[in-house]
Amino acid sequence: MGRSSKDKRDVYYRLAKEEGWRARSAFKLLQIDEEFKIFQNVKKVVDLCAAPGSWSQVLSQKLRSDGDDSEAKIVAVDLQAMAPITGVIQLQGDITKVSTAEDIISHFEGDHADLVVCDGAPDVTGLHDIDEYIQAQLLLAALNITTHVLKKGGTFVAKIFRGKDVSLLYSQLRIFFPSVTIAKPRSSRNSSIEAFVVCEKYSPPDGYVPNMCNPLLDQHYDVDFNSLDGPNRVIVPFLACGDLSAYDSDRTYPLQLPEREAYEYHAPSQSPITPPYQIACQLRKQNQLQNPTQPSPAVKHEVDEVEGAMAQLHL
Ligand SMILES: C[S@@+](CC[C@H](N)C(=O)[O-])C[C@H]1O[C@@H](n2cnc3c(N)ncnc32)[C@H](O)[C@@H]1O
């Protein structure tokens with residue numbers, strides 16, 4: 001009999017139950033450590049998107065196992081509340097919000113973390129472009145926080161969805177880390193597009209001053225982005241990608257208002273990821289080439305689906 005979609009009881013699920021981990025994800029972090037030795041000489045860690053807490057459990061065990069835990073500091077953050085874990089400072093909040101980022105940073109005042117980990121994943125909508133976009137935003141939010149708290153030479157490990165814009169994210173990470181490696185621990189299901197970036201030897205560009213002005217899901221971030229200059233604009237140094245010819249003057253039907261607003265909104269802030277509105281625009285453009293008079297029902301349906309999902313997500 002085949003396994004139903006409800007049957008998640010693979011070997012790691014069972015092992016997690018046996019060994020007392022709150023989630024099978026614990027094995028992903030343990031296996032990343034087997035390969036990259038990310039816990040070597042580590043005492044201070046930020047665990048982003050930490051609930052239900054299996055990574056925090058691993059961190060607590062690894063950092064406090066030698067009995068000398070006076071220096072150990074683990075700050076864990078998630079949207080969801082988490083049951084307490086010995087030695088872990090827990091914060092509840094959205095990592096794309098400035099206030100949460102500030103809360104985390106305040107716990108490291110005058111001090112730095114050796115390691116930042118982020119296992120953040122959105123509630124998947126099933127629309128791959130949207131899921132990848134939101135996951136990328138979580139990763140960029142985590143990177144922003146990391147630039148405030150990570151010591152030079154430190155390590156950043158984060159979940160990444162290997163979607164079509166992923167090479168742009170790798171390039172952005174390489175601006176801050178000379179070594180960026182993609183890990184796919186054996187406990188991460190082969191069927192999943194999830195992987196992990198292991199970014200080593202943190203070294204921001206000369207003159208880089210961490211800031212909270214880069215455009216993320218929290219629209220407040222980009223208010224001052226255009227006032228940033230030089231190395232401080234490096235998180236998002238790319239022109240908007242996607243097929244901008246949708247905005248050419250030779251178009252055969254007028255742009256819809258949301259498309260125009262999206263273009264005007266995204267162009268100045270140079271969004272790192274193809275924004276969902278642009279995805280919708282590209283679909284329209286493709287359809288326009290195939291059929292200059294009106295959208296085919298299939299394309300119209302796809303565009304409506306993207307826009308419907310975005311409306312639900314208040315994007
Ligand atoms: C795969 S789970 C993390 C599992 C965790 N590493 C563990 O080992 O138990 C992904 C988590 O990301 C969190 N998350 C998603 N978006 C977030 C956001 N914007 N801010 C904070 N946490 C977020 C979710 O609440 C969820 O708990």
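We count ligands from 1, going down the list as the structure has it; atoms in each ligand are counted the same way. All values derive from a computational prediction rather than experimental measurement.
Residue contacts with ligand 1 for Ser25 involve side-chain atoms from C-beta outward but no N, CA, C or O (heavy atoms, distance under 4.0 Å). Residue Leu48 does not touch ligand 1, judged by heavy-atom distances below 4.0 Å. Neither the backbone nor the side chain of Ser56 comes within contact range of ligand 1; no heavy atom lies under 4.0 Å.
Heavy-atom distances between Pro122 and ligand 1 stay at or above 4.0 Å for every pair. Using a non-hydrogen distance threshold of 4.0 Å, Gln80 registers as a contact of ligand 1.
When only interatomic distances are considered, the shortest N/O to N/O separation between Ala26 and ligand 1 does not fall below 3.5 Å. The shortest N/O to N/O separation between Thr96 and ligand 1 does not fall below 3.5 Å. At a 3.5 angstrom cut-off on N or O pairs, Pro52 counts as close to ligand 1. Considering both main-chain and side-chain atoms, Lys159 never comes within under 3.5 Å of ligand 1 through any nitrogen or oxygen pair. Considering backbone and side-chain atoms together, Ala51 places an N or O closer than 3.5 Å to an N or O of ligand 1. By the 3.5 Å distance cut-off applied to N or O atoms, Ile95 is counted among the residues near ligand 1.
In summary, the side chains of Gln31 and Ser187 do present a donor paired with an acceptor at a separation below 3.5 Å, with no hydrogens or angles considered.
The distance from ligand 1 to the heavy atoms of Ser54 drops below 4.0 Å at these ligand atoms: 7 (C), 8 (O), 9 (O). Listed by number with element, the atoms of ligand 1 under 4.0 angstrom from any heavy atom of Ala121 are 10 (C), 12 (O), 15 (C).
When ring centroids are compared, Phe176 and Phe156 stay outside the 6.0 Å threshold.
The residues Arg186 and Glu35 are annotated as not salt-bridged, no charged nitrogen and carboxylate oxygen being separated by less than 4.0 angstrom. No salt bridge links Asp114 with Lys43; every basic N to acidic carboxylate O contact stays at or beyond 4.0 Å. The existence of a salt bridge linking Lys159 and Glu194 is confirmed by a sub-4.0 Å separation between a basic side-chain nitrogen and an acidic carboxylate oxygen.
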(request) Evaluate the criterion side-chain hydrogen bond (donor to acceptor under 3.5 Å, both in side chains) for residue pair Asp94 and Thr100; output intermediate values, then yes/no. (result) CA-CA 6 Å; Asp94 178 344; Thr100 312; 5.8 Å; no

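Atom CG of residue Leu138 and atom SG of residue Cys49 lie 5.0 Å apart, to the nearest 0.5 angstrom. Rounding to the nearest 0.5 Å places CD1 of Ile89 at 5.5 Å from NZ of Lys73.
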